[in-house]
Number of protein chains: 2
Amino acid sequence: MRKVATMAGVAPTSVYWHFGSREALLGEVLTVLIEDLPEPQARSRTPRKRMVELATGLRDQVAATQPVQELALELGRAAELSFPTQVALAREVAASGLRGDDAAMVVRAILFTVGGFILLTDNFEQRVPGSETTQELWHTQGGGAVDAGLQRAMERGVDTDVLFAFTLDKLLDGLLPA
Amino acid sequence: MRKVATMAGVAPTSVYWHFGSREALLGEVLTVLIEDLPEPQARSRTPRKRMVELATGLRDQVAATQPVQELALELGRAAELSFPTQVALAREVAASGLRGDDAAMVVRAILFTVGGFILLTDNFEQRVPGSETTQELWHTQGGGAVDAGLQRAMERGVDTDVLFAFTLDKLLDGLLPA
DNA sequence: ACCTGAACACCGTTCAAGT
DNA sequence: ACCTGAACACCGTTCAAGT
(Lines give C-alpha, C1' and ligand atoms only; values in the text may rest on other atoms or scores of the structure.)
Protein backbone atom coordinates (compact mmCIF):
# COMPACT_ATOMS: atom_id res chain seq x y z
CA MET A 1 0.00 0.00 0.00
CA ARG A 2 2.73 2.46 1.00
CA LYS A 3 4.78 1.54 -2.07
CA VAL A 4 1.83 1.97 -4.42
CA ALA A 5 1.02 5.32 -2.84
CA THR A 6 4.60 6.50 -3.25
CA MET A 7 4.57 5.48 -6.92
CA ALA A 8 1.36 7.45 -7.35
CA GLY A 9 2.93 10.42 -5.58
CA VAL A 10 0.32 10.38 -2.86
CA ALA A 11 -0.04 9.51 0.83
CA PRO A 12 -0.80 5.83 1.63
CA THR A 13 -4.13 6.79 3.07
CA SER A 14 -5.31 8.32 -0.19
CA VAL A 15 -5.36 4.88 -1.76
CA TYR A 16 -8.13 3.97 0.67
CA TRP A 17 -10.25 6.85 -0.48
CA HIS A 18 -10.03 5.60 -4.08
CA PHE A 19 -10.15 1.82 -3.60
CA GLY A 20 -11.37 1.08 -0.11
CA SER A 21 -8.95 -1.74 0.64
CA ARG A 22 -5.89 -3.61 -0.53
CA GLU A 23 -8.07 -6.42 -1.82
CA ALA A 24 -10.31 -4.11 -3.83
CA LEU A 25 -7.26 -2.46 -5.38
CA LEU A 26 -5.75 -5.80 -6.38
CA GLY A 27 -9.12 -6.88 -7.70
CA GLU A 28 -9.25 -3.98 -10.14
CA VAL A 29 -5.66 -4.64 -11.18
CA LEU A 30 -6.54 -8.29 -11.86
CA THR A 31 -9.58 -7.36 -13.91
CA VAL A 32 -7.41 -5.27 -16.22
CA LEU A 33 -4.75 -7.99 -16.45
CA ILE A 34 -7.34 -10.62 -17.35
CA GLU A 35 -8.83 -8.43 -20.08
CA ASP A 36 -5.40 -8.16 -21.65
CA LEU A 37 -4.93 -11.93 -21.95
CA PRO A 38 -5.01 -13.28 -25.51
CA GLU A 39 -7.98 -15.31 -26.74
CA PRO A 40 -7.48 -19.07 -26.80
CA GLN A 41 -6.66 -20.33 -30.30
CA ALA A 42 -7.07 -23.73 -31.95
CA ARG A 43 -6.10 -24.23 -35.56
CA SER A 44 -5.66 -28.00 -35.83
CA ARG A 45 -7.87 -30.05 -38.12
CA THR A 46 -9.68 -32.46 -35.76
CA PRO A 47 -11.68 -31.64 -32.61
CA ARG A 48 -9.38 -33.82 -30.51
CA LYS A 49 -6.25 -32.10 -31.76
CA ARG A 50 -7.84 -28.72 -31.13
CA MET A 51 -8.63 -29.83 -27.55
CA VAL A 52 -4.98 -30.68 -27.00
CA GLU A 53 -4.03 -27.33 -28.51
CA LEU A 54 -6.40 -25.45 -26.21
CA ALA A 55 -5.31 -27.34 -23.11
CA THR A 56 -1.63 -26.87 -23.89
CA GLY A 57 -2.24 -23.23 -24.75
CA LEU A 58 -3.86 -22.56 -21.38
CA ARG A 59 -0.97 -24.22 -19.60
CA ASP A 60 1.55 -22.19 -21.59
CA GLN A 61 -0.35 -18.97 -21.06
CA VAL A 62 -0.49 -19.46 -17.31
CA ALA A 63 3.22 -20.27 -17.23
CA ALA A 64 3.95 -17.11 -19.22
CA THR A 65 1.80 -14.90 -16.99
CA GLN A 66 2.52 -16.41 -13.61
CA PRO A 67 2.11 -13.22 -11.56
CA VAL A 68 -1.40 -12.83 -12.99
CA GLN A 69 -2.21 -16.39 -12.03
CA GLU A 70 -0.85 -15.99 -8.51
CA LEU A 71 -2.91 -12.87 -8.03
CA ALA A 72 -6.03 -14.60 -9.34
CA LEU A 73 -5.36 -17.48 -6.98
CA GLU A 74 -4.92 -15.18 -4.00
CA LEU A 75 -8.15 -13.40 -4.82
CA GLY A 76 -10.02 -16.66 -5.44
CA ARG A 77 -10.65 -15.72 -9.05
CA ALA A 78 -8.74 -18.48 -10.82
CA ALA A 79 -11.95 -19.56 -12.54
CA GLU A 80 -12.01 -16.45 -14.71
CA LEU A 81 -8.57 -17.18 -16.13
CA SER A 82 -9.68 -20.50 -17.56
CA PHE A 83 -13.14 -19.53 -18.71
CA PRO A 84 -12.38 -18.55 -22.32
CA THR A 85 -10.57 -21.86 -22.77
CA GLN A 86 -13.50 -23.64 -21.15
CA VAL A 87 -15.91 -22.17 -23.72
CA ALA A 88 -13.59 -23.01 -26.63
CA LEU A 89 -13.16 -26.52 -25.23
CA ALA A 90 -16.93 -26.94 -24.94
CA ARG A 91 -17.24 -26.10 -28.61
CA GLU A 92 -14.71 -28.78 -29.55
CA VAL A 93 -16.36 -31.40 -27.36
CA ALA A 94 -19.66 -30.65 -29.07
CA ALA A 95 -17.89 -30.86 -32.43
CA SER A 96 -16.67 -34.32 -31.51
CA GLY A 97 -20.30 -35.44 -31.25
CA LEU A 98 -21.11 -35.26 -27.53
CA ARG A 99 -24.20 -33.47 -26.17
CA GLY A 100 -25.66 -32.20 -22.90
CA ASP A 101 -24.49 -33.70 -19.61
CA ASP A 102 -22.09 -36.15 -21.25
CA ALA A 103 -20.37 -33.30 -23.04
CA ALA A 104 -20.24 -31.22 -19.86
CA MET A 105 -18.53 -34.02 -17.95
CA VAL A 106 -15.90 -34.33 -20.66
CA VAL A 107 -15.28 -30.57 -20.76
CA ARG A 108 -14.86 -30.50 -17.01
CA ALA A 109 -12.69 -33.59 -16.80
CA ILE A 110 -10.26 -32.01 -19.26
CA LEU A 111 -10.29 -28.62 -17.62
CA PHE A 112 -9.87 -29.98 -14.10
CA THR A 113 -6.96 -32.08 -15.27
CA VAL A 114 -5.28 -29.15 -16.98
CA GLY A 115 -5.99 -26.76 -14.12
CA GLY A 116 -4.82 -29.29 -11.56
CA PHE A 117 -1.59 -29.85 -13.44
CA ILE A 118 -0.95 -26.14 -13.52
CA LEU A 119 -1.49 -25.68 -9.80
CA LEU A 120 0.54 -28.75 -8.91
CA THR A 121 3.49 -27.88 -11.13
CA ASP A 122 3.39 -24.36 -9.77
CA ASN A 123 3.48 -25.67 -6.22
CA PHE A 124 6.52 -27.81 -7.03
CA GLU A 125 8.38 -24.85 -8.42
CA GLN A 126 7.64 -22.74 -5.36
CA ARG A 127 9.14 -25.52 -3.26
CA VAL A 128 11.04 -24.37 -0.22
CA PRO A 129 14.82 -25.08 -0.62
CA GLY A 130 15.05 -27.48 2.31
CA SER A 131 11.98 -29.57 1.46
CA GLU A 132 12.06 -32.94 -0.24
CA THR A 133 10.57 -33.88 -3.58
CA THR A 134 8.98 -37.29 -3.98
CA GLN A 135 11.91 -38.00 -6.26
CA GLU A 136 14.27 -37.58 -3.30
CA LEU A 137 11.92 -39.58 -1.11
CA TRP A 138 12.22 -42.47 -3.54
CA HIS A 139 15.96 -42.42 -2.97
CA THR A 140 15.51 -42.50 0.78
CA GLN A 141 13.03 -45.33 0.57
CA GLY A 142 15.13 -48.49 0.43
CA GLY A 143 14.69 -50.76 -2.59
CA GLY A 144 12.37 -53.76 -2.55
CA ALA A 145 9.08 -51.94 -2.05
CA VAL A 146 8.45 -52.02 -5.79
CA ASP A 147 9.93 -53.45 -8.98
CA ALA A 148 13.57 -52.36 -9.37
CA GLY A 149 13.09 -50.80 -12.82
CA LEU A 150 10.12 -48.81 -11.58
CA GLN A 151 12.07 -47.69 -8.53
CA ARG A 152 14.89 -46.43 -10.74
CA ALA A 153 12.42 -44.59 -12.98
CA MET A 154 10.79 -42.91 -9.97
CA GLU A 155 14.19 -41.84 -8.67
CA ARG A 156 14.97 -40.13 -11.96
CA GLY A 157 12.11 -37.62 -11.83
CA VAL A 158 9.93 -36.34 -14.66
CA ASP A 159 9.78 -33.68 -17.30
CA THR A 160 6.39 -32.15 -16.42
CA ASP A 161 5.83 -31.06 -20.03
CA VAL A 162 6.15 -34.65 -21.20
CA LEU A 163 3.99 -35.92 -18.34
CA PHE A 164 1.33 -33.33 -19.12
CA ALA A 165 1.17 -34.32 -22.79
CA PHE A 166 1.07 -38.01 -21.85
CA THR A 167 -1.66 -37.63 -19.23
CA LEU A 168 -3.83 -35.47 -21.47
CA ASP A 169 -3.44 -37.94 -24.32
CA LYS A 170 -4.43 -40.92 -22.18
CA LEU A 171 -7.35 -39.04 -20.63
CA LEU A 172 -8.64 -38.19 -24.08
CA ASP A 173 -8.26 -41.86 -25.07
CA GLY A 174 -10.63 -42.66 -22.21
CA LEU A 175 -13.01 -39.75 -22.79
CA LEU A 176 -13.31 -39.98 -26.56
CA PRO A 177 -13.27 -43.69 -27.40
CA ALA A 178 -12.73 -44.32 -31.11
CA MET B 1 4.51 -16.17 17.28
CA ARG B 2 3.19 -14.09 20.16
CA LYS B 3 0.16 -16.34 20.50
CA VAL B 4 2.24 -19.51 20.52
CA ALA B 5 4.57 -17.99 23.10
CA THR B 6 1.66 -17.04 25.34
CA MET B 7 0.26 -20.57 25.09
CA ALA B 8 3.67 -21.90 26.10
CA GLY B 9 3.80 -19.42 28.97
CA VAL B 10 6.92 -17.79 27.62
CA ALA B 11 8.02 -14.54 25.97
CA PRO B 12 7.67 -14.39 22.16
CA THR B 13 11.41 -14.09 21.80
CA SER B 14 12.04 -17.40 23.55
CA VAL B 15 10.45 -19.21 20.64
CA TYR B 16 13.31 -17.96 18.50
CA TRP B 17 15.86 -19.50 20.79
CA HIS B 18 14.18 -22.91 20.42
CA PHE B 19 13.15 -22.86 16.76
CA GLY B 20 15.00 -20.07 15.02
CA SER B 21 12.11 -18.81 12.94
CA ARG B 22 8.39 -19.04 12.30
CA GLU B 23 9.03 -21.26 9.30
CA ALA B 24 11.22 -23.69 11.21
CA LEU B 25 8.60 -23.94 13.96
CA LEU B 26 5.83 -24.69 11.47
CA GLY B 27 8.12 -27.17 9.75
CA GLU B 28 8.50 -29.22 12.92
CA VAL B 29 4.77 -29.05 13.54
CA LEU B 30 4.12 -30.34 10.03
CA THR B 31 6.59 -33.20 10.43
CA VAL B 32 4.69 -34.43 13.48
CA LEU B 33 1.32 -34.03 11.75
CA ILE B 34 2.51 -35.99 8.71
CA GLU B 35 3.80 -38.83 10.88
CA ASP B 36 0.34 -39.14 12.43
CA LEU B 37 -1.40 -39.65 9.09
CA PRO B 38 -2.80 -43.14 8.51
CA GLU B 39 -1.18 -45.49 6.00
CA PRO B 40 -2.91 -45.75 2.63
CA GLN B 41 -5.06 -48.86 2.36
CA ALA B 42 -6.31 -50.86 -0.61
CA ARG B 43 -8.38 -53.98 -0.10
CA SER B 44 -10.12 -54.43 -3.45
CA ARG B 45 -9.48 -57.52 -5.56
CA THR B 46 -8.01 -56.12 -8.80
CA PRO B 47 -5.02 -53.76 -9.24
CA ARG B 48 -7.21 -51.23 -11.03
CA LYS B 49 -9.80 -51.19 -8.26
CA ARG B 50 -7.06 -50.82 -5.69
CA MET B 51 -5.69 -47.83 -7.65
CA VAL B 52 -9.10 -46.18 -7.49
CA GLU B 53 -9.27 -46.96 -3.79
CA LEU B 54 -5.84 -45.44 -3.15
CA ALA B 55 -6.56 -42.33 -5.21
CA THR B 56 -9.94 -41.79 -3.56
CA GLY B 57 -8.41 -42.46 -0.16
CA LEU B 58 -5.77 -39.79 -0.66
CA ARG B 59 -8.41 -37.30 -1.72
CA ASP B 60 -10.57 -38.12 1.29
CA GLN B 61 -7.64 -37.98 3.66
CA VAL B 62 -6.59 -34.56 2.41
CA ALA B 63 -10.16 -33.30 2.71
CA ALA B 64 -10.34 -34.62 6.27
CA THR B 65 -7.04 -33.03 7.27
CA GLN B 66 -7.21 -29.76 5.39
CA PRO B 67 -5.20 -27.68 7.85
CA VAL B 68 -2.32 -30.14 7.49
CA GLN B 69 -2.52 -29.85 3.73
CA GLU B 70 -2.60 -26.06 3.80
CA LEU B 71 0.43 -25.99 6.03
CA ALA B 72 2.27 -28.45 3.76
CA LEU B 73 1.36 -26.27 0.79
CA GLU B 74 2.60 -23.10 2.47
CA LEU B 75 5.87 -24.79 3.36
CA GLY B 76 6.28 -26.31 -0.10
CA ARG B 77 6.13 -29.82 1.34
CA ALA B 78 2.99 -31.11 -0.35
CA ALA B 79 5.02 -33.90 -1.94
CA GLU B 80 5.50 -35.66 1.39
CA LEU B 81 1.77 -35.91 1.97
CA SER B 82 1.23 -37.94 -1.16
CA PHE B 83 4.35 -40.08 -1.01
CA PRO B 84 2.96 -43.13 0.83
CA THR B 85 0.08 -43.25 -1.66
CA GLN B 86 2.58 -42.90 -4.47
CA VAL B 87 4.49 -45.97 -3.29
CA ALA B 88 1.30 -47.99 -2.85
CA LEU B 89 0.15 -46.88 -6.29
CA ALA B 90 3.47 -47.89 -7.82
CA ARG B 91 2.99 -51.38 -6.41
CA GLU B 92 -0.45 -51.64 -8.03
CA VAL B 93 0.76 -50.37 -11.37
CA ALA B 94 3.49 -53.03 -11.28
CA ALA B 95 0.85 -55.62 -10.32
CA SER B 96 -1.12 -54.65 -13.40
CA GLY B 97 1.83 -55.72 -15.53
CA LEU B 98 3.69 -52.48 -16.32
CA ARG B 99 7.43 -52.08 -15.80
CA GLY B 100 10.13 -49.40 -15.67
CA ASP B 101 9.53 -46.06 -17.36
CA ASP B 102 6.09 -47.01 -18.67
CA ALA B 103 4.98 -47.86 -15.14
CA ALA B 104 6.46 -44.64 -13.76
CA MET B 105 4.55 -42.53 -16.27
CA VAL B 106 1.30 -44.21 -15.29
CA VAL B 107 1.96 -43.76 -11.56
CA ARG B 108 2.70 -40.09 -12.10
CA ALA B 109 -0.23 -39.45 -14.41
CA ILE B 110 -2.58 -40.81 -11.77
CA LEU B 111 -0.96 -38.97 -8.90
CA PHE B 112 -0.78 -35.64 -10.74
CA THR B 113 -4.43 -35.96 -11.66
CA VAL B 114 -5.46 -36.73 -8.10
CA GLY B 115 -3.20 -34.06 -6.62
CA GLY B 116 -4.37 -31.52 -9.15
CA PHE B 117 -7.98 -32.24 -8.39
CA ILE B 118 -7.33 -31.76 -4.70
CA LEU B 119 -5.62 -28.41 -5.17
CA LEU B 120 -8.21 -27.18 -7.64
CA THR B 121 -11.22 -28.18 -5.54
CA ASP B 122 -9.56 -26.62 -2.54
CA ASN B 123 -9.07 -23.37 -4.44
CA PHE B 124 -12.73 -23.30 -5.40
CA GLU B 125 -13.79 -23.70 -1.80
CA GLN B 126 -11.55 -20.89 -0.66
CA ARG B 127 -13.21 -18.69 -3.25
CA VAL B 128 -13.65 -15.10 -2.20
CA PRO B 129 -17.36 -14.24 -1.72
CA GLY B 130 -17.52 -11.62 -4.46
CA SER B 131 -15.73 -13.67 -7.14
CA GLU B 132 -17.43 -15.52 -9.94
CA THR B 133 -17.39 -19.26 -10.59
CA THR B 134 -17.23 -20.49 -14.18
CA GLN B 135 -20.75 -21.72 -13.53
CA GLU B 136 -21.86 -18.12 -13.05
CA LEU B 137 -19.81 -17.03 -16.03
CA TRP B 138 -21.74 -19.50 -18.19
CA HIS B 139 -24.92 -17.71 -17.17
CA THR B 140 -23.45 -14.33 -18.12
CA GLN B 141 -22.23 -15.63 -21.46
CA GLY B 142 -25.20 -15.35 -23.79
CA GLY B 143 -26.45 -18.53 -25.44
CA GLY B 144 -25.38 -19.55 -28.94
CA ALA B 145 -21.66 -20.01 -28.26
CA VAL B 146 -22.18 -23.74 -27.77
CA ASP B 147 -24.89 -26.37 -28.08
CA ALA B 148 -27.93 -25.42 -25.93
CA GLY B 149 -27.97 -28.67 -23.94
CA LEU B 150 -24.28 -28.32 -23.15
CA GLN B 151 -24.78 -24.71 -22.14
CA ARG B 152 -27.54 -25.72 -19.71
CA ALA B 153 -25.33 -28.47 -18.26
CA MET B 154 -22.44 -26.04 -17.74
CA GLU B 155 -24.77 -23.59 -16.01
CA ARG B 156 -25.82 -26.25 -13.54
CA GLY B 157 -22.38 -26.86 -12.02
CA VAL B 158 -20.84 -30.13 -10.91
CA ASP B 159 -20.56 -32.41 -7.95
CA THR B 160 -16.78 -32.58 -7.66
CA ASP B 161 -16.93 -36.05 -6.11
CA VAL B 162 -18.76 -37.37 -9.16
CA LEU B 163 -16.43 -35.53 -11.51
CA PHE B 164 -13.40 -36.91 -9.70
CA ALA B 165 -14.64 -40.51 -9.96
CA PHE B 166 -15.51 -39.98 -13.63
CA THR B 167 -12.18 -38.42 -14.56
CA LEU B 168 -10.15 -41.04 -12.73
CA ASP B 169 -12.14 -43.80 -14.38
CA LYS B 170 -11.64 -42.42 -17.88
CA LEU B 171 -7.96 -41.75 -17.24
CA LEU B 172 -7.50 -45.36 -16.16
CA ASP B 173 -9.34 -46.49 -19.29
CA GLY B 174 -6.68 -44.66 -21.27
CA LEU B 175 -3.74 -45.74 -19.11
CA LEU B 176 -4.61 -49.41 -18.70
CA PRO B 177 -6.14 -50.51 -22.00
CA ALA B 178 -7.86 -53.88 -21.72
C1' DA C 1 -14.09 15.85 -3.79
C1' DC C 2 -9.73 14.57 -2.57
C1' DC C 3 -5.69 14.43 0.39
C1' DT C 4 -3.03 14.47 4.78
C1' DG C 5 -0.57 13.05 9.23
C1' DA C 6 -1.16 10.77 13.33
C1' DA C 7 -2.26 6.77 15.14
C1' DC C 8 -3.80 1.81 15.96
C1' DA C 9 -3.23 -2.92 16.10
C1' DC C 10 -0.93 -5.99 14.23
C1' DC C 11 3.35 -8.84 12.08
C1' DG C 12 8.32 -11.53 12.30
C1' DT C 13 12.65 -10.75 14.11
C1' DT C 14 17.23 -9.11 16.52
C1' DC C 15 19.93 -8.44 20.34
C1' DA C 16 21.98 -6.99 24.49
C1' DA C 17 21.09 -8.06 29.04
C1' DG C 18 19.72 -10.99 32.52
C1' DT C 19 19.70 -15.63 35.52
C1' DA D 1 21.37 -23.11 28.74
C1' DC D 2 17.41 -20.56 28.59
C1' DC D 3 14.65 -16.43 29.05
C1' DT D 4 13.55 -11.41 28.96
C1' DG D 5 12.17 -6.54 27.45
C1' DA D 6 13.15 -3.13 24.33
C1' DA D 7 13.29 -2.17 19.92
C1' DC D 8 13.22 -2.39 14.66
C1' DA D 9 11.13 -2.48 10.37
C1' DC D 10 7.47 -3.73 8.56
C1' DC D 11 2.06 -4.56 7.58
C1' DG D 12 -3.26 -2.92 6.46
C1' DT D 13 -6.32 0.34 8.07
C1' DT D 14 -9.14 4.29 10.48
C1' DC D 15 -10.22 8.84 11.13
C1' DA D 16 -10.37 13.54 12.24
C1' DA D 17 -8.61 17.42 10.08
C1' DG D 18 -7.37 19.95 6.28
C1' DT D 19 -8.04 22.32 1.35
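What you see is a predicted model; the values in this text were computed from it and never measured. Sequence lines set the chain letters: A, B, ... in the order given, protein chains first and strands last, and positions in each chain run from 1.
- In terms of heavy atoms, B:Ala145 sits closest to A:Val87 at CB-CG1, 4.3 Å.
- Comment: B:Arg22 engages B:Glu74 in a salt bridge, judged by a side-chain N to carboxylate O separation of less than 4.0 angstrom.
- The ring-ring contact (aromatic ring centres under 6.0 Å, His included) test applied to A:Tyr16 returns no partner, not counting sequence neighbours.
- Between the side chains of B:Gln61 and B:Arg59, no donor-acceptor pair is found at a separation under 3.5 Å.
- Among residues two or more places apart in sequence or in another chain, the salt bridge (charged side-chain N to carboxylate O under 4.0 Å, His left out) test is passed with A:Glu155 by none.
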Compile the donor-acceptor pairs under 3.5 Å between side chains in residues 168-178 of chain A and protein atoms, sequence neighbours left out, one pair per line.
residue	atom	partner	partner atom	Å
A:Asp169	OD1	A:Arg48	NH2	2.7
A:Asp173	OD1	A:Arg48	NH1	2.9
A:Asp173	OD1	A:Arg48	NH2	3.0

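- Of the candidates C:dC3, D:dG5, D:dC2, the closest approach to any side-chain atom of B:Trp17 belongs to D:dC2.
- Considering only side-chain N and O atoms, B:His18 lies nowhere under 4.0 angstrom from the phosphate OP1 or OP2 of D:dA1.
- Inspection of the A:Thr31 and A:Arg77 side chains reveals an N or O donor paired with an N or O acceptor under 3.5 Å.
- Secondary structure note: stems in DNA chain D built from 3 or more consecutive Watson-Crick or G-U wobble pairs under 3.5 Å occupy C:4-8 with D:12-16, C:12-16 with D:4-8.
- Distance NZ (B:Lys3) to C1' (C:dC10): 11 Å, rounded to an integer number of Å.
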Would you tabulate the pairs of protein nitrogen or oxygen atoms and nucleotide nitrogen or oxygen atoms of nucleotides 12-14 of chain C closer than 3.5 angstrom?
residue	atom	partner	partner atom	Å
C:dG12	OP2	B:Met1	N	3.3
C:dG12	N7	B:Arg2	NH2	2.5
C:dG12	O6	B:Arg2	NH2	2.9
C:dT13	OP2	B:Tyr16	OH	3.1
C:dT13	OP2	B:Arg22	N	2.7

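- Legend: residues meeting ring-ring contact (aromatic ring centres under 6.0 Å, His included) with B:Phe166, ordered by chain and number and at least two apart, are absent.
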